Number of protein chains: 2
Amino acid sequence: MLPLLLISIAIAPCSVLGLWPIPRNLQTGTTLVKLPSTFDIKVDVNNPPQDLLDAVGRTKSYLQTDKLQRLAVGRGANDSAALGTAPTLPSLCISLLNSAPPRPIAVEAVLPIGTRSEGYSLTVPSDGSSAVLTASSTLGLFRGLTTFGQLWYDNSGTTYTYQAPVKIVNDSPAFPYRGFMLDTARNFFPVSDIKRTLDAMSWVKLNTFHWHVVDSQSFPLDIPAFPELASKGAYSSSEIYSAANVKDIVSYAGARGIDVLMEIDTPGHTTAIAASHPEHIACNQASPWSSFANEPPAGQLRLASAATASFTAQLISSIAQTLPSTLFSTGGDELNINCYVRDPQTQADLSKSGRTLEQALNTFTQSTHKALTDLGKTPVVWEEMVLEHAVTLPQNTVVMVWISSQHAAAVTAKNFRIVHGPSDYFYLDCGTGESIGSDPFANSWCDPFKTWQKAYTFDPLANLSTAQQSLVLGGQQLLWTEQSSPENLDSIVWPRAATSAEVFWTGATLPDGTARNVDAALPRLHDIRYRMVRRGVRAIALQPHFCALRPGVCDLHA
Amino acid sequence: MLPLLLISIAIAPCSVLGLWPIPRNLQTGTTLVKLPSTFDIKVDVNNPPQDLLDAVGRTKSYLQTDKLQRLAVGRGANDSAALGTAPTLPSLCISLLNSAPPRPIAVEAVLPIGTRSEGYSLTVPSDGSSAVLTASSTLGLFRGLTTFGQLWYDNSGTTYTYQAPVKIVNDSPAFPYRGFMLDTARNFFPVSDIKRTLDAMSWVKLNTFHWHVVDSQSFPLDIPAFPELASKGAYSSSEIYSAANVKDIVSYAGARGIDVLMEIDTPGHTTAIAASHPEHIACNQASPWSSFANEPPAGQLRLASAATASFTAQLISSIAQTLPSTLFSTGGDELNINCYVRDPQTQADLSKSGRTLEQALNTFTQSTHKALTDLGKTPVVWEEMVLEHAVTLPQNTVVMVWISSQHAAAVTAKNFRIVHGPSDYFYLDCGTGESIGSDPFANSWCDPFKTWQKAYTFDPLANLSTAQQSLVLGGQQLLWTEQSSPENLDSIVWPRAATSAEVFWTGATLPDGTARNVDAALPRLHDIRYRMVRRGVRAIALQPHFCALRPGVCDLHA
């Protein structure tokens, strides 16, 4: 029967099912299959970890509470008749392959980048037998559960899928790093907002939360050895991530297959440290700020000071050792030279040691990175540390390319691994004005707005040699929060940030062999957006509902 | 003592108090005044209408629940010492002047445009005596209560203001029409979203809710004589504004000093009518849509058909007669000629009557406008009806200028009253992409994003002669909802839509005699934004919180 089945599969428009990111390998049929009230997810795993059981519980809950109707005229009402006699799916059986150890998802999620197993296989039959999900890791099972949870719709209380049988063999990500960055320093986000964001990330299989936790504007992080940084540098006592909050967030993320890559940006973007340690900050809130920083307030760590370098290394070590991730970012973007030129202490420090500023920066960076490597961690830096400064970096350093997508070639030419976060594709804050108060033009520096279509057409391998391509770990969309706050977190991020999730999971090719493209993506992006809304994430409309119900009808040339 | 008092007033920076829109006349001092637990608002009005009493109740509630801390470093903690001995304000006494009739606010709010009394005077002394609010109408008292409610901050449970005495004499709006338009057809908004929007509108003294209720994508309005329009043309049975919903919204708006100007857009933008009355719609969902409409789906009323004209007039009459407003919009934008050229029935109707399309449009418009004038109402139309078509309009017709701010001159040159809603300043949806699915560039037609600064610098009287200036009723910002939904309603509208509230209330000059400008506006706009958030409206951050706490410090040249 299998060959016949495959023929019917080839005819079915696989793009209609709302899977996001679409599996790299997918066969679907045309049969409706419904879930009986007795449907269960059976975990055939010895000593299953609690976070896997919790993920199963959440999946079962979504099956009951999503109540998403099909995005079609009539919202699937025409399915009612066929549903009466449709086959049922008694259960989903999940198991580990090859005697894989039943480690917690949270343990699998923080393995070194490139060594994680996220693949899975899933079959949902249409003959009344059970669905089967297998993987070589609990993390892979979690990814498969996520896919399974996107198959289901509601018809007057009946939960069903409409393109069974569904067969996914060895779906696994094209790139190991698929992230989202949130800046919690320019404006503060409560733990509940971060958790909701982690949930939404997990629904589209993003696996790294890049937490740009502190910056010049505020220091909302309680660092165990330096509590004064937050108590004096946070916006208020209620706008601090305590050690317990951090642990809670890391745990919540890990259980959802997400590694938390924290960044303590140095030596720039550190004004808030001056609230408790003015001795370490040059050009603290100097005026005019535009002579000393890319945005207010000015202030940078006195990188030529041995005391400041030591303080910074201790600070980083103190927080990094509390985190399970093997990655930690020391930042390194937008260093302002004039700030140091005008800082008498820095000039004295340089003069005393007979070093140039670049030499001092190198020493400083060696110090902060040693703090990380002593903990067995891999440093992450912004691209300037490679392209603009004469800094010696461990060759396994991960470099974030942000200024321009065109810079990926230069960084990989130096043989560093990269994460794509280009402002010309992935900056979610661009295009909605400028936060500089009295600018009458008030356009954002990275105009225009980065549409989902723009982000979706990003090519991670463009302009790179084969050798360079092997250095691409993946990428992420980023939210800098000059003009964002809890009030628009969901609406500015979702569903746009889902586009890079598919770019880096699915890769260049759709399962039917055609190139990934915006036309085919839109109906599925609608689907995951409406599903996110059902689950409590305020993802915004991409089109009038009229268009969402009629795939293709509102396209440019339709 | 008064002269001395006035001297201290002149020195105080009146822009710091978070009043929005800033009164046209304002004197402030430097004294802290707190509210005792026994503070009360005394209504010295005979037979006060219930909606005035309700407004008093809401104001008292805000005083307790806003709990907004001052936007200053320390959030007003330095006020603690002085508050201990600060004078208290025992009560606010409100009364009507000149034996004005105690009519409900909702009655005052729907008086003909230009005849409403919105002015008030308010004094908040610092000598322990009571505050006094007077007006010549309950609507004016409501505006004054709104101002009073913006004076108060929280300091560890103490509610206080910090620039008493406050004296406002005859604050009244520069322009009688100050609106906000919401499109509820492209995507649907539940009644609760509209009510929350009406609340936010009232907080900044906007007085007209332009309800673009139906359009080509859906018909969510239950019209008494034509229930089939919504039952077949709405997105779903749960996405319909019932007659009871409309009454509820109108009542809610009226009690908040807001007139509901409903629009049934004709003869274009009417595809959704075809779901129940295909006989009245030309080029219904014709393809390619771009040949028949500015956006999908195509479909326009058969304006040359006598039956369609009669149907449309009855439809408009049926709903308009349920509404208290004297204004009602018949739309008239973006008429597509090719739709009628290609419609055999329209061509036959024209041929039979020997009329041109423009002549038929004139007849059609006379018919729909007669339905309104028969009800004593004034028609409102989009600018094309004046600038692009040979239509005879009643001279009291109100014309909305939307295509360009440059068109105000041409419309007023024809001696029509105008409402400014220019897409180049006031379209809130611009600049965040395009809803046309497969457009790879996906920029919005009205790029770039209209920043609050751009909107705030709008000059309602630019390029107009004195005679033309007298025809300017006011203006509004507008939200077309191709890419908006309940998920981002607040965040895309607020606080941006507050900018035109000040443009049209305060006019060109601040109370200190200087020209209205973005530098002086920003601290107050922050203040109303943070207050909106406290009251449950998800208004977004305009800057990092760091900047909001330090007026001017993040300005371009600071």
Side-chain angles (χ1 to χ4, degrees), chain A residues 75 186-188 216-218 235-236 285 287-290 295-297 431-443 447-449 451-454 457 481-485 487-488 490-492 518-519 522 533 538-547 549 552-558, chain B residues 75 186-188 216-218 235-236 285 287-290 295-297 431-443 447-449 451-454 457 481-485 487-488 490-492 518-519 522 533 538-547 549 552-558:
Chain A
R75 304 305 301 272
R186 290 179 174 82
N187 281 303
F188 180 81
S216 277
Q217 289 78 9
S218 75
Y235 284 137
S236 72
Q285 300 193 48
S287 176
W289 59 261
S290 56
E295 75 175 47
T432 56
E434 179 54 83
S435 66
I436 305 308
S438 61
D439 179 356
F441 302 104
N443 296 313
D447 270 349
F449 182 85
T451 65
W452 76 264
Q453 295 96 329
K454 173 82 175 180
T457 54
T481 58
E482 282 87 351
Q483 296 186 300
S484 291
S485 54
E487 288 67 37
N488 67 334
D490 290 9
S491 62
I492 201 166
V518 295
D519 300 58
L522 181 55
V533 171
R538 300 173 70 86
I540 69 169
L542 299 170
Q543 291 189 306
H545 188 56
F546 175 94
C547 304
L549 298 180
V553 162
C554 295
D555 282 0
L556 186 58
H557 301 294
Chain B
R75 305 305 300 272
R186 289 178 174 84
N187 282 303
F188 181 80
S216 278
Q217 289 79 8
S218 74
Y235 283 138
S236 72
Q285 300 192 47
S287 177
W289 60 260
S290 56
E295 76 175 47
T432 56
E434 178 56 83
S435 66
I436 306 308
S438 61
D439 180 354
F441 302 105
N443 296 313
D447 271 349
F449 182 85
T451 64
W452 77 263
Q453 295 97 331
K454 173 82 176 178
T457 53
T481 59
E482 283 87 352
Q483 298 187 298
S484 291
S485 55
E487 287 68 36
N488 67 333
D490 290 9
S491 62
I492 201 166
V518 296
D519 299 57
L522 181 56
V533 171
R538 300 173 70 83
I540 69 169
L542 299 170
Q543 288 189 310
H545 187 58
F546 175 93
C547 304
L549 297 180
V553 162
C554 295
D555 282 0
L556 186 58
H557 301 294

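What you see below is based on every heavy atom in this structure, not just the backbone, and it leaves out hydrogens, waters and symmetry mates. What you see is a predicted model, and the numbers here were worked out from it, not measured in a lab. Chain letters run A, B, ... following the sequence lines, proteins first, then strands; residues in each count from 1.
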Mind ranking [options] by heavy-atom pairs under 4.5 Å with chain A and telling me who comes out on top?
options	result
P297(B), S290(B), G433(B)	P297(B)
R186(B), H545(B), Q483(B)	H545(B)
P448(B), C547(B), A539(B)	A539(B)
A558(B), S216(B), S236(B)	A558(B)
S484(B), G431(B), G552(B), S287(B)	G431(B)

Do P544(A) and S435(B) have side chains that get closer than 4.5 Å, going by heavy atoms? yes
For the residue pair T432(A) and T432(B), establish whether any side-chain heavy-atom pair is separated by less than 4.5 Å. yes
Any idea which of [options] has the most non-hydrogen atom pairs under 4.5 angstrom with chain B?
options	value
D490(A), L542(A), T481(A)	L542(A)
V533(A), I492(A), L549(A), I436(A)	I436(A)
P296(A), S485(A), S218(A), A541(A)	A541(A)
D555(A), V553(A), N443(A)	D555(A)

E434(B) side, atom CD; F449(A) side, atom CZ - distance, nearest 0.5 Å: 12.0 Å
Separation of Q217(A) CD from C554(B) SG (nearest 0.5 Å): 7.5 Å
Heavy-atom distance under 4.5 Å to chain B: side chain of [X], backbone, both or neither?
X	value
N488(A)	both
Q285(A)	side chain
I540(A)	both

By side chain to side chain donor-acceptor pair (under 3.5 Å) - contacts of D447(B) (at least two apart): S444(B)
Got a sec, which residues hit side chain to side chain donor-acceptor pair (under 3.5 Å) with S491(A), two or more places apart in sequence or on another chain? S491(B)
Tell me if a side-chain donor or acceptor on N187(A) pairs with a main-chain N or O of Q543(B) at a distance below 3.5 Å. yes
Between F546(A) and Y235(B) the two heavy atoms that sit nearest each other are N-OH, 3.0 Å
